[in-house]
Number of protein chains: 2
Amino acid sequence: MASLGELERAVMDLLWAGQAAATANTLRDQLALSTEAQGGTAGHEGKELAVTTVLTVLSRLEKKGLVERERGTRPHRYQAVSSREDHTAELMHEVLGSAPDREAVLARFIGSVTESEAETLRKLLGHI
Amino acid sequence: MASLGELERAVMDLLWAGQAAATANTLRDQLALSTEAQGGTAGHEGKELAVTTVLTVLSRLEKKGLVERERGTRPHRYQAVSSREDHTAELMHEVLGSAPDREAVLARFIGSVTESEAETLRKLLGHI
DNA sequence: CGCAGGTTCTACGTCAGGTAGAACAATCGG
DNA sequence: CCGATTGTTCTACCTGACGTAGAACCTGCG
């Protein structure tokens, strides 16, 4: 159970991007800014969501264990439990584990990795 | 769009496991056999599904591009488009690509790989 | 031609996720 | 201490994916 919806994903992206814990309102504003008059890479809409919507999503993310909230302060402050990289790596492991022959999967995986990534991997595997 | 439901997954498992293209009826029977009186590792139920159910799922899998069917023969024959390993590796790439800093993700990923897997990777990456 | 086996259409129930109003809680200025 | 303001929780609706399958449709075979 690790799949995220589109909005959930957008919220996580903000939490991962920002350094400090954010409040629901902050996130609501930031969500509105995404794509706001930005004809660029596409994303959502410059749509103003209700704060309750953001709060609902945050609660769901909390239940999924992706978000942690400080309940002490009045505007609760939300933050990602783990970094985007950790989370993604974990997901990769999950996917890898979903096949019986992990090594065969790794073989295919390596087969289509970019050269720079291969280099990174070599470096990382080297000093063991 | 790559997530599979439980039954979809079970069908793919069968298609991946079997060597030849299967018919809907064959798959229905095999699905019934899963867990049939097998108190083991758990799975489904020895439940007899309607063939139409299997066909619906197969159609959905076809639409998702995971299954290919021969329409010429009368009982259509279904088979997985790509091997389980290829599919899984592709998924891993998808996940990897979902983060901006791929190399950082790889670093975390390698950090929690088993020794035997690390060995496999080293072998596959050669040393330039 | 009529039937049996096979496929497609249509449809319903459930659950996740997007969305938000209504109700409730806390906080702040007076 | 009280009302207004701000923030959170409850409840609920809508959509789409998926499990499930009956009804209707097609197609050789006898």
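Sequence lines set the chain letters: A, B, ... in the order given, protein chains first and strands last, and positions in each chain run from 1.
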Per the end-axis method with five pairs at each terminus, what is the bend angle of the helix from dC1(C)-dG30(D) to dG30(C)-dC1(D), to 10°? 10°

By nearest heavy atom, map Gly5(B) and Ala24(A) onto DNA chain D; which one lands nearer the 5' end? Ala24(A)

Mind checking if Arg28(A) touches a base, just sugar-phosphate, or nothing, with heavy atoms under 4.0 Å? nothing

Flag the pair Arg102(A) and Glu117(B) as a salt bridge only when some basic side-chain nitrogen lies within less than 4.0 angstrom of an acidic carboxylate oxygen. yes

Give a yes/no answer on whether the side chain of Lys64(A) brings an N or O atom under 4.0 Å of OP1 or OP2 in dA16(C). no

Closest listed nucleotide, where the reference is the side chain of Arg74(A) and the choices are dC9(C), dA20(C), dG7(D): dG7(D)

Would you indicate which nucleotide in dG17(C), dC18(D), dT20(D) comes nearest to any side-chain atom of Val57(B)? dT20(D)

What's Arg71(A) touching, base or sugar-phosphate or nothing? Going by heavy atoms closer than 4.0 Å. sugar-phosphate

When you get a sec, tell me which of dC18(D), dG19(D), dG21(C) is the closest nucleotide to the side chain of Thr52(A)? dG21(C)

Sub-4.5 Å side-chain heavy-atom contact between Glu115(A) and Glu119(A): yes

If we ignore hydrogens and angles and just use 3.5 Å, is the side chain of Arg108(B) paired with the main-chain N or O of Ala89(A) as donor and acceptor? no

I want to confirm an ordering. Mapping Arg60(A) and Arg69(A) to their closest nucleotides on DNA chain D, which one lands closer to the 5' end? Arg69(A)

Under 4.0 Å: is that the gap between some side-chain N or O of Asn25(A) and OP1 or OP2 of dT6(D)? no

Nearest-neighbour nucleotide for the Ala50(B) side chain, dG19(D), dA21(D), dT8(D) considered: dA21(D)

Base, sugar-phosphate, or nothing for Thr56(B), non-hydrogen atoms under 4.0 angstrom? base

Per Leu55(B) side chain, nearest of listed nucleotides dT8(C), dA21(D), dC18(D): dT8(C)

Respond yes when some side-chain nitrogen or oxygen of Thr53(A) is under 4.0 Å from OP1 or OP2 of dG18(C), and no when none is. no

